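Each chain gets a letter, A, B and so on, in the order the sequences are listed, and its residues count up from 1. Reckoned from all heavy atoms, side chains included, excluding hydrogens, waters and symmetry mates. The shown structure was predicted, so the numbers you read here are calculated from the model rather than taken from an experiment.
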Protein chains: 2
Amino acid sequence: MIVDRNRTAARRRPDTLFVGSVEKGFAVLHAFRTGQRELGLRDLSLSQISQISGLDKSASQRFTNTLVELGYLEKDQRTRRYRPALGLIGFYYTYMISNPLAEIAMPRLIEASQAHGTTVNLCEPVGTDIIYTIRVPHQKAFFRATIPGRRMPAFCTAPGLVILANRTEEEAETILASSDFEPMTEWTITDPKAVRKRIEKARREGYCISVQQSLTHEISTAAPVLDSEGRAFAAVQVPVYMPEWTTGMVEEKIVPFVIETARAISGSYFIES
Amino acid sequence: MIVDRNRTAARRRPDTLFVGSVEKGFAVLHAFRTGQRELGLRDLSLSQISQISGLDKSASQRFTNTLVELGYLEKDQRTRRYRPALGLIGFYYTYMISNPLAEIAMPRLIEASQAHGTTVNLCEPVGTDIIYTIRVPHQKAFFRATIPGRRMPAFCTAPGLVILANRTEEEAETILASSDFEPMTEWTITDPKAVRKRIEKARREGYCISVQQSLTHEISTAAPVLDSEGRAFAAVQVPVYMPEWTTGMVEEKIVPFVIETARAISGSYFIES
DNA sequence: CATCTTGTATTATTATTTAATACATGTTGT
DNA sequence: ACAACATGTATTAAATAATAATACAAGATG
């Protein structure tokens with residue numbers, strides 16, 4: 001994330017209610033996600049933070065120092081490198097505890113996971129991406145794929161497609177228009193036409209199965225969580241792995257309870273609000 | 001969290017590398033945790049944010065606006081109230097993905113959960129508290145008790161005590177000295193002498209069982225994750241509930257695999273570093 | 001051992017944040 | 001239904017607090 005230095009100029013009216021220092025602080029934290037994803041680095045030096053965040057050396061220094069003092073970064077005195085600190089995870093709790101969807105979904109996801117012996121996840125859409133908000137892990141998997149908060153493009157994931165399928169035509173098109181269609185695996189379908197066909201299929205069938213679209217060996221199944229108008233605002237997702245599983249087995253054993261779980265959450269949420 | 005307005009004066013040397021605006025931004029986010037815990041509020045009005053954070057009206061306005069623009073808060077245009085937004089949960093991922101302990105622990109926790117049919121958690125210490133960093137849920141429980149990022153006082157939780165038991169005398173004393181010994185349930189042991197006895201017991205036995213100390217009906221079992229010097233830097237914890245479980249059953253069925261899982265994580269971590 | 005890169009500390013400058021204020025909108029009680 | 005109050009929003013002059021330049025120290029590299 002490169003901070004827009006001329007934010008005020010770029011906006012219609014200079015936003016005097018926007019505190020740039022806050023954005024810059026987050027830009028530093030954000031550098032760690034980028035650094036991990038693009039360079040595979042767990043910790044970053046000051047100059048790396050500077051490069052990735054786009055902040056100059058002095059700014060990196062000040063914001064990094066600030067974040068260390070606040071407990072959101074920690075510094076290895078030996079290597080002089082920084083890494084995310086424990087203070088960060090409190091924000092997950094803050095979000096979840098005030099999230100009515102999570103409260104309703106959690107027991108249902110746990111129940112489904114236990115009853116069917118698989119991992120069961122909840123996803124919520126953000127821009128062109130989906131985020132895994134709740135994970136109830138049940139098999140070992142790639143470490144990345146077991147952590148809540150992971151972000152994936154909507155266009156190549158079952159939960160993303162199933163949410164797009166249950167939005168208005170315009171909404172879906174807007175999201176697709178700003179998607180980058182970068183492949184995640186060698187099997188990722190990146191042709192926009194093919195992606196649209198998958199969305200149509202998901203709309204007709206009420207669920208979506210993705211094979212190795214975002215992770216090798218993974219068969220991902222998802223069904224939408226709908227509000228009272230039938231608009232998707234979340235998805236239940238279950239991953240299983242090849243070669244133990246085939247799409248045939250998934251259709252028989254996984255699809256029904258994924259749909260059922262998503263429907264149960266939709267129903268409870270409807271009553272709540 | 002009340003922001004120290006005279007931070008520079010309060011510190012030995014005025015810290016020119018500390019950006020106060022960042023702290024204030026986090027103070028606003030922090031207000032939501034406090035608001036939820038102390039007032040049970042899911043969303044907050046501007047004036048509530050102002051009251052809880054200690055920032056004045058203007059500051060609350062600016063920082064709240066900023067956080068909304070950055071996607072860390074969302075505003076209900078109807079009620080004009082704010083609540084934590086999805087952007088926040090990315091920080092959990094950022095922390096976890098760069099955390100070697102988590103990577104080692106995750107598959108072991110999943111395995112243990114599956115093998116023994118219980119929830120299995122990992123906790124890390126912060127100041128006088130412990131934080132649940134990984135949760136592998138397996139039974140339904142209080143919603144709060146299923147969310148990673150939850151913070152609890154060390155003195156009244158099995159993982160907290162078992163970590164204190166495997167620190168130096170001074171370290172443990174320092175932490176206890178700044179603990180507030182506020183009871184969490186009507187059975188919480190708050191007498192410092194009794195707490196020290198529990199720590200000694202945990203040190204001798206290598207594990208700790210807590211009955212209804214932080215949550216009613218909960219029997220909590222924990223064992224320490226140790227570094228090569230024998231210092232605890234995390235704990236494996238398993239909660240079960242009364243009356244289905246008794247301490248006798250826990251000693252027989254739970255304790256052995258909690259110790260075993262913690263030991264396995266310690267061992268792998270040792271090899272890694 | 002010299003050269004380069006990276007991290008740390010200090011400062012004058014000014015741009016950004018600030019707090020006061022005024023206005024708009026909503027809420028409450030009689 | 002209206003008045004009185006509380007709360008939210010927008011604007012601005014003033015000055016503090018953040019900034020970026022610079023110098024120095026400490027490692028890394030060849």
Side-chain angles (χ1 to χ4, degrees), chain A residues 2-28 31 35 39 41 43-70 73-83, chain B residues 2-28 31 35 39 41 43-70 73-83:
Chain A
I2 289 147
V3 173
D4 180 2
R5 205 159 284 276
N6 289 327
R7 166 172 279 276
T8 50
R11 290 165 176 265
R12 275 291 150 74
R13 41 179 174 178
D15 193 343
T16 60
L17 297 176
F18 188 86
V19 181
S21 297
V22 172
E23 181 177 46
K24 289 175 192 163
F26 284 115
V28 168
L39 309 165
L41 297 169
D43 44 22
L44 297 177
S45 67
L46 192 62
S47 51
Q48 287 172 323
I49 292 171
S50 176
Q51 276 162 30
I52 299 171
S53 68
L55 298 169
D56 66 31
K57 196 169 118 173
S58 292
S60 304
Q61 186 187 188
R62 276 179 291 112
F63 288 104
T64 303
N65 252 40
T66 305
L67 292 167
V68 168
E69 292 219 21
L70 295 175
L73 288 181
E74 61 189 25
K75 182 176 185 177
D76 185 326
Q77 285 300 345
R78 205 176 51 76
T79 64
R80 289 157 189 237
R81 281 161 186 279
Y82 299 86
R83 73 167 38 169
Chain B
I2 289 149
V3 173
D4 180 3
R5 206 158 283 275
N6 290 327
R7 169 173 278 277
T8 51
R11 293 170 169 260
R12 275 290 149 78
R13 39 180 176 178
D15 193 343
T16 61
L17 297 175
F18 188 86
V19 181
S21 297
V22 172
E23 182 176 46
K24 289 175 194 164
F26 284 115
V28 169
L39 309 165
L41 298 169
D43 43 23
L44 297 178
S45 67
L46 192 62
S47 51
Q48 287 172 324
I49 291 170
S50 177
Q51 277 162 28
I52 298 172
S53 67
L55 298 168
D56 66 30
K57 195 168 121 173
S58 292
S60 304
Q61 185 186 189
R62 278 179 290 113
F63 287 103
T64 302
N65 252 39
T66 304
L67 292 167
V68 168
E69 292 218 22
L70 295 175
L73 287 181
E74 60 188 26
K75 182 178 185 174
D76 185 326
Q77 286 300 343
R78 205 176 51 75
T79 64
R80 290 160 189 232
R81 281 160 186 279
Y82 299 87
R83 73 166 38 166

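Listed by chain and number, the residues in a side chain to side chain contact (heavy atoms under 4.5 Å, CB included) with Leu41(A) are Leu39(A), Leu44(A), Gln48(A) (sequence neighbours excluded). Remark: Arg81(A) pairs with no residue by the salt bridge (Lys or Arg N to Asp or Glu O under 4.0 Å) rule, at least two apart or across chains. Taking the side chain to side chain contact (heavy atoms under 4.5 Å, CB included) definition, one finds that Glu74(B) meets it with Arg83(B), Ala85(B), sequence neighbours left out. For Ala59(A), the side chain to side chain contact (heavy atoms under 4.5 Å, CB included) test picks out Leu55(A), Asp56(A), Arg62(A), Phe63(A), with sequence neighbours left out.
Within the structure, every side-chain polar atom (N or O) of Lys57(B) is placed at least 4.0 Å from both OP1 and OP2 of dT9(D). Under 4.0 angstrom from either OP1 or OP2 of dA20(C) there lies no side-chain N or O belonging to Ser58(B). Phosphate contact (OP1/OP2 of dT17(C), side-chain N/O of Lys24(B), threshold under 4.0 Å): absent. One finds no side-chain N or O of Arg62(B) lying less than 4.0 angstrom from the OP1 or OP2 phosphate oxygen of dT17(C). Residue Lys75(A) has a polar side-chain atom (N or O) positioned under 4.0 Å from OP1 or OP2 of dT8(C). Distances shown here put a side-chain N or O of Ser45(B) below 4.0 Å from the OP1 or OP2 atom of dG8(D). For the OP1/OP2 pair of dT19(D) and a distance below 4.0 Å, the side-chain nitrogens and oxygens of Ser21(A) include at least one atom meeting the criterion.
Here dA9(C) presents its P atom at 8 Å from CG of Asn65(A), a figure rounded to the nearest Å. At whole-Å resolution of the value, CD1 in Ile52(B) and P in dT7(D) are 13 Å apart. Rounding to whole angstrom units, CD of residue Gln61(A) and C1' of dA18(D) are separated by 13 Å. Nucleotide dT16(C) holds its P atom 15 Å from the CG atom of Leu17(A), rounded to whole Å. Look at CD on Glu23(A): it is 19 Å from P on dA15(C), rounded to the nearest Å. The CZ atom of Phe18(A) sits 13 Å away from the C1' atom of dT17(C) (whole-angstrom rounding). Rounded to whole Å, the distance from CZ on Arg81(B) to C1' on dA6(D) is 13 Å. Between the C1' atom of dA19(C) and the CG atom of Leu55(B) lies a distance of 13 Å, rounded to the nearest Å.
When the C1' atoms of four end pairs are superposed on the next four at each end of the helix from dC1(C)-dG30(D) to dT30(C)-dA1(D), using five pairs per end, the two resulting axes differ in direction by 60°, to 10°.
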Study note, to complete from the structure: A correct 5'-to-3' footprint of nucleotides 25-30 of chain D, with B, S and - meaning base, sugar-phosphate only and no protein heavy atom under 4.0 Å, is -SS---

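Here the straight-line distance linking atom CD of Gln51(A) with atom OG of Ser45(A) works out to 7.5 Å at 0.5 Å rounding.
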Practice item. Kindly indicate, with the supporting measurements, whether the criterion side-chain contact (heavy atoms from CB on, under 4.5 Å) is fulfilled by Leu17(A) and Gln61(B). Key: CA-CA 7 Å; Leu17(A) 297 176; Gln61(B) 185 186 189; 3.9 Å; yes

Practice item. Begin from the C-alpha positions of Leu67(A) and Val28(A) and carry the test side-chain contact (heavy atoms from CB on, under 4.5 Å) through to its verdict. Key: CA-CA 9 Å; Leu67(A) 292 167; Val28(A) 168; 3.6 Å; yes

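Side-chain N or O atoms of Thr66(A) include one that pairs as donor or acceptor with a backbone N or O of Val19(B) at under 3.5 Å.
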